[in-house]
2 protein chains.
Amino acid sequence: MVMSSRSGADLALLLLGSYRNLVDEVVRELATRGYPDARPSHEYAIRAIRAGADSASDLARRLAITKQAAAKTIAALVERGYITTETDPADTRRKNIRITDHGIGLITESTAIFDEVRARWEVRLGAPELAELETQLAQFVGDSPINLDAPGWAAGQELR
Amino acid sequence: MVMSSRSGADLALLLLGSYRNLVDEVVRELATRGYPDARPSHEYAIRAIRAGADSASDLARRLAITKQAAAKTIAALVERGYITTETDPADTRRKNIRITDHGIGLITESTAIFDEVRARWEVRLGAPELAELETQLAQFVGDSPINLDAPGWAAGQELR
DNA sequence: AGTATTGGTCAACCCGGTTGTCCAAGTCAA
DNA sequence: TTGACTTGGACAACCGGGTTGACCAATACT
């Protein structure tokens, strides 16, 4: 069964399959580079934090998830040593988030791996072709309510 | 922030975002056409059943998930009236699966909607461009252990 | 002051999976 | 025919990443 089969359902699977291939590869490689417990959601969250999300509510807004969900993610990140939190002296309700060196290492490594995989794809497709593909995908994403700066919907599944 | 930004991490988000846009649209439209409780995983499962998976173990193999997971999905499909099961007289261990008319209706509608959305994308991009995009995606998926005929990894997330 | 908003937490739940354990029913070999 | 093996299914517990809903304490607004 050839899968570029001009059916909408197949297109969906192609998109998801490509995503999972990319992300699974990154997670796998990340594990071998000293981050065996890093999950895609962790990466997205730390990126959002680095981009300015400095509290649970803030992170929740940026990831477009509930603050409860954000709190859980934060707990997981703290537990794994990727971030630390301490209550804001100026507003004792807030708990300020800080990324640890380990966390910095994670996104650095992760970014590098993502780019490596993308580079391999670029070799396969050709640079202009991949660029074109990206602008096309951006169109699909662009006309939507989804905010790509807020990829909360990007929860990812398990490796198998 | 422009999102076709030549970064591997962004590429991942583009892929996932496109997938979710497509699928969310289908689920949403499906709801308005009389299938308000249909989830993406249901669609994939029924397609697999229609393609020949006639027992839980069988479905599990085809979807590349555990048989327990398949059993849960089957229970959900039965509950919603999309399929029925009855024990095989020739092998009383097996429980044969049959798709109900309602189930047929679901995949029919779902297929149509998927194709409608794809057609809209085709208008945006141009038919040859979309076809090209599909064959490119197929390459990303093709060199992987993933079996597109067995999209168990295609569990999809929630609408929000 | 008193009300409204904001940040955070607890608890319960959902979905789509996973392991692990177990049994009953079929298959195969001697 | 009997014993070993394989297969189909079910039960229970769990996980990850979310959701609602109820709530409290701290800050902000007028």
All N/O donor-acceptor pairs, side-chain side in residues 80-87 of chain A, below 3.5 Å, sequence neighbours left out:
unit_1	atom_1	unit_2	atom_2	d
A:R80	NE	A:D37	O	3.0
A:Y82	OH	A:D37	OD1	2.7

Side-chain N or O of [X] less than 4.0 angstrom from OP1 or OP2 on [N]?
X     : N      : value
A:R39 : D:dG16 : no
B:T73 : C:dG16 : no
B:T92 : C:dA25 : no

Specify the separation, in whole Å, of atom [atom1] of [X] and atom [atom2] of [N].
X     : N      : atom1 : atom2 : answer
A:R20 : D:dG16 : CZ    : C1'   : 13 Å
B:D88 : D:dG9  : CG    : C1'   : 13 Å
A:Y44 : D:dG18 : OH    : P     : 11 Å
A:L63 : D:dT19 : CG    : C1'   : 15 Å
A:H42 : D:dC15 : NE2   : C1'   : 12 Å
A:I65 : D:dG16 : CD1   : P     : 15 Å
B:I74 : D:dG9  : CD1   : P     : 7 Å
B:D24 : D:dG18 : CG    : P     : 14 Å

Quiz item: Residues two or more places apart in sequence or in another chain: which of them pass side chain to side chain donor-acceptor pair (under 3.5 Å) with A:R50?
Solution: none
Is any side-chain N of the basic residue among [X] and [Y] closer than 4.0 Å to the acidic one's carboxylate O?
X      : Y      : result
A:E25  : A:R120 : yes
B:E134 : B:R118 : yes
B:D54  : B:R94  : yes

Exercise. Scan residues 101-110 of chain A for pairs that pass side-chain hydrogen bond (donor to acceptor under 3.5 Å, both in side chains), counting only residues two or more places apart or in two chains.
Key: A:R33-A:E109, A:E43-A:S110, A:R47-A:S110
Quiz item: Can you tell if the side chain of A:I113 reaches within under 4.5 Å of the side chain of A:V27, non-hydrogen atoms only?
Solution: no
Self-check item: Smallest separation among heavy atoms of B:R62 and B:A48, with atom names
Solution: CD-O, 4.0 Å
Quiz item: Mapping B:D91 and A:A70 onto DNA chain D by nearest heavy atom, which one lands closer to the 5' end?
Solution: B:D91
Practice problem: Can you tell me which stems DNA chain D forms, taking runs of 3 or more consecutive Watson-Crick or G-U pairs with both distances under 3.5 Å? | Solution: C:1-30 with D:1-30
Between the protein and nucleotides 8-13 of chain C, list every N/O to N/O distance that falls short of 3.5 Å.
unit_1	atom_1	unit_2	atom_2	d
C:dG8	OP1	A:K95	N	2.7
C:dG8	OP2	A:A56	N	3.1
C:dG8	OP2	A:S57	N	2.8
C:dG8	OP2	A:S57	OG	3.2
C:dG8	N7	A:K67	NZ	2.4
C:dG8	O6	A:K67	NZ	2.7
C:dT9	OP1	A:K95	NZ	3.0

Quiz prompt | Residues forming a side chain to side chain contact (heavy atoms under 4.5 Å, CB included) with A:K67, sequence neighbours excluded | solution = A:S57, A:A60
